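Throughout, residue positions are numbered sequentially from 1 according to the sequence presented. Worth saying up front: this structure is predicted, and the values here are computed from it rather than measured.
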Amino acid sequence: MQPCVSPVWDTVLAAYALSLAGLPEEAPALEAAATWLVGKQCRVPGDWTRRNAAPPGGWFFEHRNPFYRTSTTRAWR
């Protein structure tokens, strides 16, 4: 049973696995994953900005959740 879908996290993990397997950075699969991920990045401030002055930038774990981005997908290379 899968409680939620996580296309961003799944894409990051798949791209990371492909890079560990030796796929070059310019491979179409990795370029497509990177382009898709950049397009999904959220730069809208959430409630976390009350305690963190860093500029917004992160990804939703699920499809859309602008207030609680996950930090596990911030650096995938």
Check: Trp59 side chain, Leu37 main-chain N or O, donor-acceptor pair, under 3.5 Å
yes

Give, for atom CG of Leu18 and atom CG of Leu13, the distance between the pair rounded to the nearest 0.5 Å.
11.0 Å

Give me the atom names and distance for the closest heavy-atom approach of Glu25 to Leu30.
O-CB, 3.9 Å

Hey, is the main chain of Tyr16 close enough, under 3.5 Å, to the side chain of Ser19 for a donor-acceptor pair?
yes

How many angstroms lie between CG in Leu23 and CD in Glu31, if you round to the nearest 0.5 Å?
10.0 Å

